Amino acid sequence: MTDALDLTLAQKVLAAQPFSNLLGARLVAFGEGEATLELDIRDDLRQQNGFLHGGVLAYAADNTLTFAAGAAVGARLLTAGFTIDYLRPADGVLLRAHAQVVRAGRSRVVCRCDLSVVDGTGQETLCAVAQGTIAVPEPTRGA
């Protein structure tokens, strides 16, 4: 496959996303239908009750689901949709999102993502789960 990605190239793709840079997201693992994204939990990413904002969790799920799909089928992808269930308030020093492919088809890839927070002692707690469908667009004519 000509558009296959490795960790270094996938990190460059992430670095080219201005919003990911704003959040300080890092792709720390990528390959064989899996991806792990991390970001430091900062005060400016919290909601009014002091927990990590759900929008940040949704961002992490969306991007990690798509990177996992990319690790299985290549770089040319678009999120078709995803759902997220918030299991408990997210509070800690680090957010870790780990996604893996459930099934890779010709035009759609279904992935699952577990989102966990890590506290100052290294204890990891699952705070949300997501499932998404990633579209593999048809190649454009002449491309």
Side-chain angles (χ1 to χ4, degrees), residues 1-140:
M1 180 174 288
T2 59
D3 60 352
L5 296 174
D6 62 16
L7 177 60
T8 302
L9 184 55
Q11 289 170 329
K12 288 179 183 176
V13 169
L14 182 69
Q17 299 174 357
F19 189 65
S20 293
N21 289 320
L22 179 68
L23 294 177
R26 302 174 300 276
L27 193 63
V28 298
F30 177 87
E32 299 183 19
E34 297 190 28
T36 303
L37 183 138
E38 293 181 347
L39 63 86
D40 297 324
I41 297 175
R42 310 183 314 254
D43 286 343
D44 62 337
L45 301 178
R46 296 177 187 276
Q47 42 85 300
Q48 72 280 4
N49 295 312
F51 302 115
L52 185 62
H53 194 284
V56 177
L57 290 161
Y59 152 81
D62 179 17
N63 235 6
T64 310
L65 289 163
T66 304
F67 272 102
V73 300
R76 193 173 148 72
L77 301 168
L78 295 168
T79 302
F82 72 94
T83 60
I84 186 165
D85 290 299
Y86 301 102
L87 306 175
R88 63 179 45 92
D91 194 17
V93 297
L94 178 79
L95 173 65
R96 179 175 295 136
H98 176 77
Q100 60 188 27
V101 170
V102 174
R103 182 182 184 280
R106 219 175 11 89
S107 63
R108 296 278 194 254
V109 182
V110 175
C111 301
R112 173 193 160 93
C113 183
D114 291 336
L115 297 111
S116 299
V117 288
V118 180
D119 69 16
T121 68
Q123 177 70 36
E124 193 168 326
T125 303
L126 185 67
C127 61
V129 294
Q131 181 168 303
T133 302
I134 312 305
V136 182
E138 293 283 331
T140 56

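Since the structure is predicted, the reported quantities are computational estimates derived from the model, not experimental observations.
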Closest non-hydrogen atom pair, [X] against [Y]:
X      : Y      : result
Ile134 : Leu65  : CG1-O, 4.0 Å
Leu126 : Asp114 : CD1-CB, 3.7 Å
Arg76  : Glu138 : NH2-O, 2.7 Å
Phe82  : Gly132 : CB-CA, 3.6 Å
Ala60  : Leu95  : CB-CD2, 3.8 Å
Leu7   : Phe30  : CD1-CB, 3.7 Å

How long is the gap from [atom1] on [X] to [atom2] on [Y], to the nearest 0.5 Å?
X      : Y      : atom1 : atom2 : result
Leu77  : Thr66  : CG    : OG1   : 7.0 Å
Gln131 : Cys111 : CD    : SG    : 9.0 Å
Leu23  : Asn63  : CG    : CG    : 9.5 Å
Leu115 : His98  : CG    : NE2   : 11.0 Å
Phe67  : Asp62  : CZ    : CG    : 10.5 Å
Ile41  : Leu94  : CD1   : CG    : 6.5 Å

Under the 3.5 angstrom rule, does the side chain of [X] hit a backbone N or O of [Y] as a donor-acceptor pair?
X     : Y     : result
Glu38 : Arg26 : no
Gln47 : Asn49 : yes
Asp91 : Phe51 : no

Between Thr8 and Asp6, do the side chains contain a donor N or O and an acceptor N or O under 3.5 Å apart?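 Result is no, nothing qualifies.
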Do Arg42 and Asp40 meet the salt-bridge criterion of a basic N to acidic O distance under 4.0 Å?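 Not counted as a salt bridge, because no side-chain N and carboxylate O are separated by less than 4.0 Å.
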If you draw a 6.0 Å radius around CD in Glu32, do more than 12 non-hydrogen atoms from other residues or ligands fall strictly inside?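 Count not over threshold, so no.
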Looking at His53, I'd like to know if its NE2 atom is crowded, meaning that more than 12 non-hydrogen atoms belonging to other residues, nucleotides or ligands lie closer than 6.0 Å.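 No, NE2 of His53 has 12 or fewer neighbouring heavy atoms, counting only those of other groups under 6.0 Å.
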Using side-chain heavy atoms (C-beta onward) and a distance below 4.5 Å, is [X] in contact with [Y]?
X      : Y      : answer
Val129 : Leu87  : yes
Val73  : Val101 : no
Val56  : Leu39  : yes

Donor-acceptor contacts, no H, no angles, side chain residues 102-109, under 3.5 Å, sequence neighbours left out:
none

